[in-house]
Amino acid sequence: MFEKICDNEIYKILYNGEWINSRNNKTIEILSPVDNSLVGKIQALTKEEVDEIIKNSKESQKAWGNLPISERASILHKAAAIIEENADELSQILQLEIAKDIESSQSEIKRTADFIRFTADEGKHMQGETILSDNFPGFKRDRVSVVYRVPVGVVLAISPFNYPINLSASKIAPALIAGNSVILKPPTQGAISALYLAETFNKAGLPKGILNTITGKSSEIGDYLITHKDINFINFTGSTEVGKHIAEIAGMVPMLMELGGKDAAIVLEDADLNEAAKLIVSGAYNYSGQRCTAVKRVLALEAVADKLIQNMTQEITKLKVGAPKEGAKITPLINSAAADFVQELIDDAINKGAKLIIGNKREGNLIYPTLFDYVTTAMRLAWEEPFGPILPVIRVQNVDEAIAIANKSQYGLQASVFTQNIKEAFYVADKLEVGTVHINNKTERGPDHFPFLGVKASGLGTQGIRYSIEAMSRPKVVVLNIN
Ligand code: NAP
């Protein structure tokens with residue numbers, strides 16, 4: 001099924017419905033974080049080739065935008081079916097290319113197919129409205145505004161390494177159903193998985209040029225791509241640092257951004273500590289903590305901290321460490337720079353007096369699940385996003401201290417509060433400066449039709465299936481003068 005995308009370990013790009021090589025014959029090697037073996041090589045495109053691709057995406061879009069939504073939807077349904085038919089192969093490439101554990105790889109694939117199907121159906125409900133003029137003071141009923149939605153044009157989708165299939169599809173599908181053409185710029189590490197996804201849309205019968213892919217060095221073509229005059233929308237997921245850079249240079253282009261986080265789990269005195277420990281551990285350590293919505297700090301009331309830590313430690317010892325194919329849950333981090341950064345945060349916490357409960361063991365990129373107690377606000381671990389399997393517990397004296405520390409972060413993605421008291425839960429939820437608060441659950445994205453957003457340095461705009469379709473389309477207003 002995927003034979004066209006690769007020739008002799010060299011992966012091509014999808015351009016105008018064909019899989020082709022770059023003319024400059026330059027490639028980038030993708031090595032597996034699991035064992036450093038070669039996964040494949042990807043094309044390193046030039047600026048001239050980027051130009052040609054954007055031109056092609058622009059020219060192709062009009063016909064697609066005019067195609068009835070029901071026909072666009074049926075292509076998306078076919079893509080979802082192809083993803084499911086090839087779930088094993090897709091899951092294996094995730095395990096190899098980004099060292100994702102088996103269960104998380106499989107669930108990423110299933111969720112992607114479900115996402116695309118839901119998006120196809122949701123698109124059919126995109127509706128306009130009519131507005132009469134006399135609602136506004138001084139106007140008679142002599143005009144009627146007919147409002148409907150049209151595509152924005154060419155959408156540039158930039159996805160991160162941690163969900164190269166799902167977070168590419170969650171940009172592509174809503175953009176397509178809204179009638180846009182899409183240029184996918186996947187992460188370099190994760191590009192091969194994303195190219196497999198692109199082929200599922202291609203195989204489903206997407207017309208030529210409606211989905212094109214660009215791979216290459218961000219340092220060489222990234223800024224050129226972002227600032228190109230024919231990009232009409234940027235949909236980005238990645239680090240706050242890169243997101244800010246894009247926002248600074250892109251100019252007057254509408255954007256959606258999903259950025260970093262430092263999600264807090266606040267555990268109050270009346271919480272069910274068994275349940276809280278299980279949920280926090282799975283929220284913090286799934287895919288080795290390389291998730292934007294991972295629990296990245298625990299703010300525990302002093303009275304329950306000892307018991308909570310004891311319960312969490314028991315859960316952590318159950319986590320198998322190793323390679324995805326061995327069935328491990330904690331797998332090697334994406335590269336050695338990522339593991340070095342996590343180690344820096346561990347060392348800083350130890351040097352400043354945090355109590356190591358478990359972990360601080362490393363084999364190459366593989367970091368064992370690590371838990372710290374008595375982390376203070378003077379430590380980097382209290383504020384920085386590790387993107388690794390490491391969790392700090394900060395003890396607090398009362399609820400308001402927990403809220404104050406939670407809100408002091410530059411990030412504002414999500415938070416959790418664990419309590420049996422619903423009034424208290426809403427008090428905390430109301431005060432937290434984040435996009436979403438989960439009561440008695442770990443922080444997580446989804447279900448995917450819920451709105452998903454980050455405030456402060458965690459994002460721009462709102463995702464979620466209907467919200468994403470709306471964001472990547474715009475109102476068209478036609479005013480009929482009746483008199
Ligand atoms: P990253 O380093 O910011 O990269 C994200 C994407 O941006 C990659 O495709 C990268 O390509 C590209 N990029 C980098 N510089 C660019 C430039 N100048 N022009 C155009 N594209 C450029 O992030 P990551 O390490 O892949 O992902 C981890 C981060 O993503 C974490 O901070 C995490 O919290 C965040 N994240 C947020 C969410 C959310 O929903 N809020 C979800 C997932 C991840 P290259 O790979 O080629 O550099």
Side-chain angles (χ1 to χ4, degrees), residues 54 57-76 115-116 118-158 169-183 206-207 209-211 226 228-237 246-247 250-258 435 448-455 459-483:
I54 297 176
S57 298
K58 187 179 174 181
E59 284 167 2
S60 314
Q61 184 269 327
K62 285 226 158 41
W64 174 249
N66 287 331
L67 201 69
I69 287 188
S70 57
E71 289 180 36
R72 301 203 290 258
S74 90
I75 294 174
L76 293 196
F115 184 102
I116 294 171
F118 197 109
T119 304
D121 292 337
E122 184 70 35
K124 294 179 200 158
H125 298 108
M126 276 208 306
Q127 280 171 352
E129 58 181 347
T130 54
I131 309 170
L132 294 171
S133 50
D134 63 335
N135 299 40
F136 199 85
F139 281 80
K140 290 188 297 208
R141 186 174 287 201
D142 59 0
R143 297 171 205 195
V144 54
S145 171
V146 179
V147 187
Y148 54 98
R149 299 201 79 82
V150 293
V152 289
V154 179
V155 170
L156 172 61
I158 305 179
S170 68
K171 297 168 174 43
I172 295 169
L176 291 181
I177 199 72
N180 303 289
S181 60
V182 178
I183 295 173
L206 204 59
I210 300 307
L211 175 62
I226 292 159
H228 198 287
K229 65 175 179 30
D230 289 328
I231 295 294
N232 304 114
F233 193 99
I234 300 175
N235 193 332
F236 172 82
T237 303
I246 293 175
M252 280 178 60
V253 178
M255 295 177 199
L256 274 176
M257 292 214 171
E258 306 173 341
D448 287 317
H449 63 308
F450 284 6
F452 177 70
L453 67 154
V455 299
L460 207 61
T462 305
Q463 307 264 4
I465 291 174
R466 175 164 62 82
Y467 305 88
S468 300
I469 298 173
E470 282 175 3
M472 291 186 281
S473 58
R474 64 177 169 80
K476 178 73 184 255
V477 184
V478 181
V479 180
L480 173 65
N481 287 279
I482 304 169
N483 291 331

(request) Taking side-chain contact (heavy atoms from CB on, under 4.5 Å) as the test, write out the residues that go with Ser70, two or more places apart. (result) Pro68
(message) Please report the interatomic distance CG(Leu211) to CD1(Ile75), rounded to the nearest 0.5 Å.
(response) 12.0 Å
(request) Please answer whether the main-chain N or O of Gln463 pairs with a side-chain N or O of Ser468 as donor and acceptor at a distance below 3.5 Å. (result) no
(message) Would you compute the distance between atom CD1 of Ile54 and atom CD1 of Ile231 and round it to the nearest 0.5 angstrom?
(response) 4.0 Å
(request) Go through the structure and list residues passing side-chain contact (heavy atoms from CB on, under 4.5 Å) with Lys62, not counting sequence neighbours. (result) none
(request) Please report the shortest heavy-atom distance between Val147 and Pro475, naming the atom on each side. (result) CG1-CB, 3.9 Å
(message) Restricting to non-hydrogen atoms, name the atom on Phe115 and the atom on Ala169 that form the minimum distance, rounded to 0.1 Å.
(response) CE2-O, 4.0 Å
(message) Taking side-chain contact (heavy atoms from CB on, under 4.5 Å) as the definition, give me every residue that meets it alongside Pro254, ordered by chain and number, with sequence neighbours left out.
(response) Phe233
(request) Could you grab the distance from atom NZ of Lys476 to atom CZ of Arg149, nearest 0.5 Å is fine? (result) 13.0 Å
(message) Using the ring pair (Phe, Tyr, Trp, His ring centres under 6.0 Å) criterion, which residues pair with Phe118? Sequence neighbours excluded.
(response) His449
(request) Just jot down the salt bridge (Lys or Arg N to Asp or Glu O under 4.0 Å) partners of Arg466, sequence neighbours excluded, or say none. (result) Glu470
(request) For Ser60 and Gly209, work out which heavy atoms get closest and say how close. (result) OG-CA, 3.5 Å
(message) Once rounded to the nearest 0.5 Å, what's the spacing between atom CG of Asn235 and atom CD1 of Ile172?
(response) 10.0 Å
(message) So which atom in Leu453 and which in Gly461 form the shortest heavy-atom distance, rounded to 0.1 Å?
(response) CB-O, 3.6 Å
(message) As an exercise, state the distance from CZ of Phe236 to CG of Leu156, rounded to the nearest 0.5 Å.
(response) 10.0 Å
(request) Hey, could you give me the OG/CG distance between Ser133 and Asn135, rounded to the nearest 0.5 Å? (result) 8.0 Å
(request) Step by step, work out the side chain to side chain contact (heavy atoms under 4.5 Å, CB included) result for Leu206 and Trp64. (result) CA-CA 9 Å; Leu206 204 59; Trp64 174 249; 3.5 Å; yes
(request) Can you sort out the partners of Lys124 under salt bridge (Lys or Arg N to Asp or Glu O under 4.0 Å), two or more places apart, ordered by chain and number? (result) Asp121
(message) Less than 4.5 Å apart, side chain to side chain, heavy atoms only: is that true for Met257 and Ile246?
(response) yes
Tell me which donor-acceptor pairs under 3.5 Å the side chains of residues 173-183 have, and how far apart each pair is, sequence neighbours excluded?
| residue | atom | partner | partner atom | Å |
| --- | --- | --- | --- | --- |
| Asn180 | OD1 | Val152 | N | 2.8 |
| Asn180 | OD1 | Gly153 | N | 2.9 |
| Asn180 | ND2 | Ala175 | O | 2.9 |
| Asn180 | ND2 | Met472 | O | 2.8 |
| Ser181 | OG | Ser57 | O | 2.9 |

(request) Considering non-hydrogen atoms only, spot the tightest contact between Ser145 and Val477 and give its length. (result) OG-CG1, 3.3 Å
(message) The criterion is salt bridge (Lys or Arg N to Asp or Glu O under 4.0 Å); which residues satisfy it with Arg141, sequence neighbours excluded?
(response) Asp134
(message) So does Ile482 get a backbone contact from the side chain of Asp142, meaning a donor-acceptor N/O pair under 3.5 Å?
(response) no
(request) Only counting residues at least two apart or in another chain, list the ones meeting side chain to side chain donor-acceptor pair (under 3.5 Å) with Asp448. (result) Arg111
(request) For Thr237, enumerate each residue passing the side chain to side chain donor-acceptor pair (under 3.5 Å) test, keeping only those at least two apart in sequence or located in another chain. (result) Lys171, Glu258
(request) Could you tell me which non-hydrogen atom of Ala250 sits nearest to which non-hydrogen atom of Ile234, and how far apart they are? (result) CB-CD1, 3.9 Å
(request) Using the test side-chain contact (heavy atoms from CB on, under 4.5 Å), find all partners of Phe450 that sit at least two apart in sequence or belong to another chain. (result) Pro447
(message) For Asp230, give me all partners under salt bridge (Lys or Arg N to Asp or Glu O under 4.0 Å), at least two apart in sequence or on another chain.
(response) Lys58
